[in-house]
2 protein chains.
Amino acid sequence: MSSHAHHPVLKKNQKLVQDVLVSACAPLSAYSILDVLRDQGFRAPLQVYRALDKLMEFGLVHKLESLNAFVACTHDACEANEPAAFMICEECESVSELGDTRLASHLGKLADHENFALKHTTVELHGRCKNCS
Amino acid sequence: MSSHAHHPVLKKNQKLVQDVLVSACAPLSAYSILDVLRDQGFRAPLQVYRALDKLMEFGLVHKLESLNAFVACTHDACEANEPAAFMICEECESVSELGDTRLASHLGKLADHENFALKHTTVELHGRCKNCS
DNA sequence: CCTAAAAATGTTATGTTATTACATATCAAT
DNA sequence: ATTGATATGTAATAACATAACATTTTTAGG
Ligand SMILES: [Zn+2]
Ligand SMILES: [Zn+2]
Ligand SMILES: [Zn+2]
Ligand SMILES: [Zn+2]
C-alpha cells in the first residue's frame, strides 16, 4: 500500500544485489557485492553492474562517487533525478542520506542563474558522524 | 602581491602537471595527463598521481569524483577544505567552478544540525551549459 | 498457445583508474 | 659532510568498469 510510484518487479539478479545492499551497514563496492554473491552463482562483475544500473534507474540504489561504492536508498525510493545528499563518516563508514528540499532548491537556483539545465547532482559530505565524535 | 596564503614553490613534476591542467579546456584523467607528459619524461601513473595529490593539497587542483578526472582551480586557489561546487556540461565537457558562499553555509548548517563534523564536500552538478542549450 | 521482439543473463576478455613496494635522487638544516 | 625529510623513478599489482557476443527468459500480439 505505498503511495509512491510503482516500481517494476525486480529480476533475480536485481533482487539479490538489492538484498545485499539493504543488509549492508556500509556502502559496498561492486566487487564486494560480487564476492558476497558468489555462493548464489555470480561469476562476473557485469552481473553486478547490470543489476546496479537498473536499481539506480529505479531509484532504489545510489552510487557514492567519492567512494566508488553503492548504497540502498533509505527513502521510499528516490525519484529518478531527485537530488539527495549523503553524509559519509570517515571513521565508521556509515552513510546517511538526506532529502533536503532547501538544498535541492538552492542547487536548482544556482543552476538556473547560470542558465544551466540541471540533470543530476552529486552531493557528498565527508567527515565524522555524531557517534564517532 | 597576492592577499592570499603563500603556496609552496612547485616541484618539477608538480609544475608540469599543473601546466597541463591549466592549458586544458576540459577535465583530464590522470592517464591523459600521463600521455601528454610522456615527451617530458613521464613513464608511470604514480608520477602523475603524486603530483596531483600535492596540487590538491595546495588547493590548486580539484578532483571531479563523478568523472575520475582533474581540473585546475579557477579561483586564486581554494583553501584546503573550502567547499566548491562544479557545473559539468555533459555535452561540451566544460566545467565551471562556483564559489557559492550560501551553499557552503547551507551545507555547514546541514552538517551541524546532524552533529556531523564536516571535513570535505563534493558537489557536482551535471547537465547542459548555457552554450549547449 | 505460438511466435517474434525485447529484456535479462552468462561468460570471456579487455579497458581504465589507482595503489603498493622498493630503489634512488634531491633538498634543507645542522 | 651528515642526516632526515621530501621528491622521484620504476615495476608490479590491485581495484573499478565496460565491450562483445552467445544464450535464456520475459513480454506482448496474433
Ligand atoms: Zn534515495
Ligand atoms: Zn562514524
Ligand atoms: Zn578551487
Ligand atoms: Zn556545454
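Sequence lines set the chain letters: A, B, ... in the order given, protein chains first and strands last, and positions in each chain run from 1. What you see below is based on every heavy atom in this structure, not just the backbone, and it leaves out hydrogens, waters and symmetry mates. As the structure is a computational prediction, the values presented were derived from the model and not from experiment.
Per the geometry, CG belonging to A:Asn13 stands 12 Å off C1' belonging to D:dT24, to the nearest Å. Across the protein-nucleic acid pair, B:Leu52 atom CG and D:dA7 atom P stand 14 Å apart, rounded to whole Å. Atom CD of B:Gln40 and atom C1' of D:dT8 are 16 Å apart (whole Å). What separates CG of B:Leu67 from P of C:dT16 is a distance of 16 Å, to the nearest Å. Going from atom CG of B:Leu28 over to atom P of C:dT16 covers 15 Å, rounded to whole Å. The interatomic distance linking B:Leu34 (CG) with D:dT8 (P) rounds to 15 Å, in whole Å. Rounded to whole Å, the distance from CG on A:Asp35 to P on D:dA14 is 14 Å. If you measure from atom NZ of A:Lys12 to atom P of C:dT9, you get 8 Å, rounded to the nearest angstrom.
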Self-check item: Verdict with reasoning, B:Lys130 to A:Glu114, per side-chain contact (heavy atoms from CB on, under 4.5 Å)
Solution: CA-CA 7 Å; B:Lys130 188 178 189 171; A:Glu114 310 269 343; over 6 Å; no
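Not one side-chain nitrogen or oxygen of B:Lys11 sits closer than 4.0 Å to the OP1 or OP2 atom of D:dA5. Taking 4.0 angstrom as the limit, B:Lys15 places none of its side-chain polar atoms (N or O) nearer than this to OP1 or OP2 of D:dT8. For the OP1/OP2 pair of C:dA8 and a distance below 4.0 Å, the side-chain nitrogens and oxygens of A:Lys54 include at least one atom meeting the criterion. For the OP1/OP2 pair of D:dG9 and a distance below 4.0 Å, the side-chain nitrogens and oxygens of B:Gln47 include at least one atom meeting the criterion. For the OP1/OP2 pair of D:dA17 and a distance below 4.0 Å, the side-chain nitrogens and oxygens of A:Asn68 include at least one atom meeting the criterion.
Checked by distance alone, A:Tyr31 brings a side-chain donor or acceptor within 3.5 Å of a matching partner on the base of D:dA17.
With hydrogens and angles disregarded, no donor-acceptor distance shorter than 3.5 Å links the side chain of B:Gln18 to the backbone of B:Leu55.
Proximity note for A:Gln14 (side chain, C-beta onward) versus C:dT12, C:dT9, D:dT8: the nearest is C:dT9. Each of C:dA18, D:dA17, D:dA20 was ranked by its minimum atom distance to the side chain of A:Pro45; first place goes to D:dA17. The nucleotide whose nearest atom lies closest to any side-chain atom of A:Arg50 is, among D:dA20, D:dA11, D:dC16, D:dA20. Of the listed nucleotides (C:dT11, C:dG10, C:dT17), C:dT17 has the atom at the smallest distance from the side chain of B:Tyr49.
Across the interface with DNA chain C, nearest-nucleotide mapping of B:Ser32 and A:Ala51 shows A:Ala51 to be the residue nearer the 5′ end. When each of A:Lys63 and B:Phe42 is assigned the nucleotide of DNA chain D with its nearest heavy atom, B:Phe42 is the one assigned upstream, toward the 5' end. Between A:Gly41 and B:Leu46, the one whose closest nucleotide on DNA chain C sits nearer the 5' end is A:Gly41.
Relative ring orientation between B:Tyr49 and B:Phe70 is described as perpendicular, the plane-to-plane angle rising above 60° on a 0-90° scale split at 30° and 60°.
With hydrogens and angles left out, the side-chain atoms of B:Glu65 and B:Thr122 include no donor and acceptor closer than 3.5 Å.
Within 6.0 Å of CD on A:Glu90 lie more than 12 heavy atoms contributed by other residues, nucleotides or ligands.
For the atom pair B:Lys63 NZ and B:Leu52 CG, the distance stands at 9.0 Å (nearest 0.5 Å).
Nucleic acid contact for A:Ala30: none, since no nucleic acid atom lies under 4.0 Å from a heavy atom of the residue.
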